[in-house]
Amino acid sequence: MIIIKSDAEIDLMRESGKVTGFILKELENFIKPGLSTADVDRFVEKTIRGAGMIPTFKGYGGFPASACVSINDEVVHGIPDKKRILREGDIVSVDVGSTYKGYVSDAARTYPVGQVSDVARHLIEATRDSFFAGLEFCKVGCRLSDISHAIQVSAEAEGFSVIRDFVGHGVGQEMHEDPQIPNFGKAGRGPRLAKGMVFAIEPMICEGTYDVRTLSNDWTVVTLDGKLSAHYENTVVITDGEPELLTLGE
């Protein structure tokens, strides 16, 4: 069941989203060669708690950190580690959730570490662009799969593949609510969108094959061919008009 949020609930999510978006914006300057992924996680947790909020991810399903920090071929759920050092030319995806008075915001970005290859930069940009292609269909009356289809068409037009095994989702008092929102598929399917629906839309796009595997830590997902993957996510509210992005941080 898709939970329609009240104006009061969306106000709480808007406050949470400001902090999540602020963190992701700040990371643009924070991330640099020589940092560990644990350094990134500490920055995220300190900022969330400093705002009087709770890191949504910490302890979720047993996850040990406040941010998922995934390098290069890691698609999602990278576990921060003081021994994982960011190197010049890497790309790093950071996924963050903040909870305020019981309401969650969820967003992610992929960042270049120093100077990166043309392919890496293209992948990061194409992943972001695919999100905004999907956003065009986040309007009352559109079908849920219209979002999915637009993301796929955008990413594949740039020569990249769409991860199949992980999807976007509803968000609210729980980090993962109905509906699931794949980043691929045919248009014109699924429920019609209505005012008050809130989604975490999150294209995960890869350089090569979309096949993935999970590492022995039972969390971190990597591309099967070892090629790059990028992630872009925002918490999005369906309104009477244009969709509202709660986590843009701009």
Side-chain angles (χ1 to χ4, degrees), residues 24 27-28 31-33 35-37 40 63 67-81 83-96 106-137 145-169 180-187 200-234:
L24 294 173
L27 286 174
E28 291 177 8
I31 286 175
K32 58 186 178 182
L35 286 179
S36 72
T37 56
V40 176
F63 191 75
C68 299
V69 188
S70 308
I71 302 173
N72 293 335
D73 65 331
E74 296 174 350
V75 180
V76 286
H77 306 157
I79 298 175
D81 188 329
K83 295 181 180 179
R84 291 296 308 279
I85 306 300
L86 300 179
R87 310 288 185 189
E88 183 86 16
D90 286 342
I91 63 172
V92 58
S93 300
V94 183
D95 195 352
V96 178
D106 183 11
R109 303 285 188 272
T110 300
Y111 304 93
V113 182
Q115 296 297 314
V116 300
S117 68
D118 290 344
V119 169
R121 190 166 296 280
H122 183 199
L123 176 63
I124 292 171
E125 293 171 353
T127 303
R128 178 186 184 278
D129 289 347
S130 73
F131 168 87
F132 284 99
L135 189 70
E136 291 292 320
F137 295 89
S145 75
D146 295 342
I147 302 169
S148 308
H149 181 70
I151 290 170
Q152 180 180 12
V153 168
S154 177
E156 291 181 352
E158 297 300 319
F160 298 120
S161 300
V162 178
I163 297 294
R164 264 49 171 184
D165 292 53
F166 296 87
V167 299
H169 49 89
Q180 291 192 345
I181 308 172
N183 296 305
F184 64 97
K186 294 182 178 180
I201 297 172
E202 52 178 322
M204 289 152 274
I205 308 300
C206 51
E207 177 188 359
T209 177
Y210 55 71
D211 295 317
V212 299
R213 64 184 179 90
T214 303
L215 299 184
S216 59
N217 63 23
D218 293 329
W219 278 105
T220 307
V221 176
V222 300
T223 57
L224 194 61
D225 59 9
K227 292 187 176 181
L228 298 175
S229 181
H231 190 185
Y232 190 95
E233 176 184 21
N234 280 304

TODO: Work out which heavy atom in A187 is nearest to a heavy atom in S145; give both atom names and the distance.
DONE: C-OG, 3.4 Å

- [ ] Could you tell me which non-hydrogen atom of N183 sits nearest to which non-hydrogen atom of E202, and how far apart they are?
- [x] ND2-O, 3.1 Å

TODO: Check whether any side-chain heavy atom of V221 sits under 4.5 Å from a side-chain heavy atom of T214, and report yes or no.
DONE: yes

- [ ] Kindly give the heavy-atom pair with the smallest separation between S70 and V76, and that separation in Å.
- [x] OG-C, 3.5 Å

Open item on the list: Can you confirm whether T220 sits close enough to I79 that some side-chain heavy atom of one is under 4.5 Å from a side-chain heavy atom of the other?
Closed with: yes

Task: Pairs involving residues 122-135, ordered by first then second residue, that meet side-chain hydrogen bond (donor to acceptor under 3.5 Å, both in side chains) (sequence neighbours left out) - done: H122-E158

- [ ] State the CD-OG distance between Q152 and S161, to the nearest 0.5 angstrom.
- [x] 9.5 Å

Open item on the list: If you compare all heavy atoms of P80 against all heavy atoms of F63, which two are closest, and at what distance to 0.1 Å?
Closed with: CD-CZ, 4.3 Å

TODO: Give a yes or no on whether the backbone of V162 and the side-chain of R164 come within a donor-acceptor separation of less than 3.5 Å.
DONE: yes

TODO: Would you mind reporting whether I205 and L123 have side-chain heavy atoms less than 4.5 Å apart?
DONE: yes

Open item on the list: Rounded at 0.5 Å granularity, tell me how far CD1 in I147 sits from CD1 in I181.
Closed with: 5.5 Å

Task: Spatial distance of atom CG (N234) from atom CG (D106) [nearest 0.5 Å] - done: 9.5 Å

Open item on the list: I'd like to check S36 versus D81 (side-chain heavy atoms, cut-off strictly below 4.5 Å). Are they in contact?
Closed with: no

- [ ] For a side-chain contact (heavy atoms from CB on, under 4.5 Å) with V222, tell me which candidate from D73, I71, N72, V212 qualifies.
- [x] D73

- [ ] Taking atom OH of Y210 as the centre, report whether more than 12 heavy atoms of other residues, nucleotides or ligands fall under 6.0 Å from it.
- [x] no

TODO: Please report the closest heavy-atom contact between K32 and L86, naming both atoms and the distance.
DONE: O-CB, 3.9 Å

Task: Atom pair CD1/CZ of I201 and F137 - distance to nearest 0.5 Å - done: 12.0 Å

- [ ] Hey, could you give me the OG1/CD distance between T223 and E74, rounded to the nearest 0.5 Å?
- [x] 9.5 Å

Task: Check: V113 main-chain N/O paired with D90 side-chain donor or acceptor under 3.5 Å - done: no

Open item on the list: Within a 6.0 Å radius of atom CD on Q180, are there more than 12 heavy atoms belonging to other residues, nucleotides or ligands?
Closed with: no

Task: Considering all heavy atoms, the nearest A200-E233 contact - done: CB-OE2, 3.3 Å

TODO: Could you tell me whether a side-chain N or O of Q115 sits under 3.5 Å from a main-chain N or O of E88, the two making a donor and an acceptor?
DONE: no

Task: Contacts of type ring-ring contact (aromatic ring centres under 6.0 Å, His included), residue F166, not counting sequence neighbours - done: H77

Task: Expected output: side-chain H231 to main-chain R109 donor-acceptor under 3.5 Å - done: no

Task: Residue from I31, V40, T110, L35 passing side-chain contact (heavy atoms from CB on, under 4.5 Å) with V92 - done: I31

TODO: Hey, could you give me the CG/CD1 distance between D211 and I163, rounded to the nearest 0.5 Å?
DONE: 8.5 Å

Open item on the list: Just so I know, are the side chains of Y111 and E28 near enough to count as touching, which here means a heavy-atom distance under 4.5 Å?
Closed with: yes

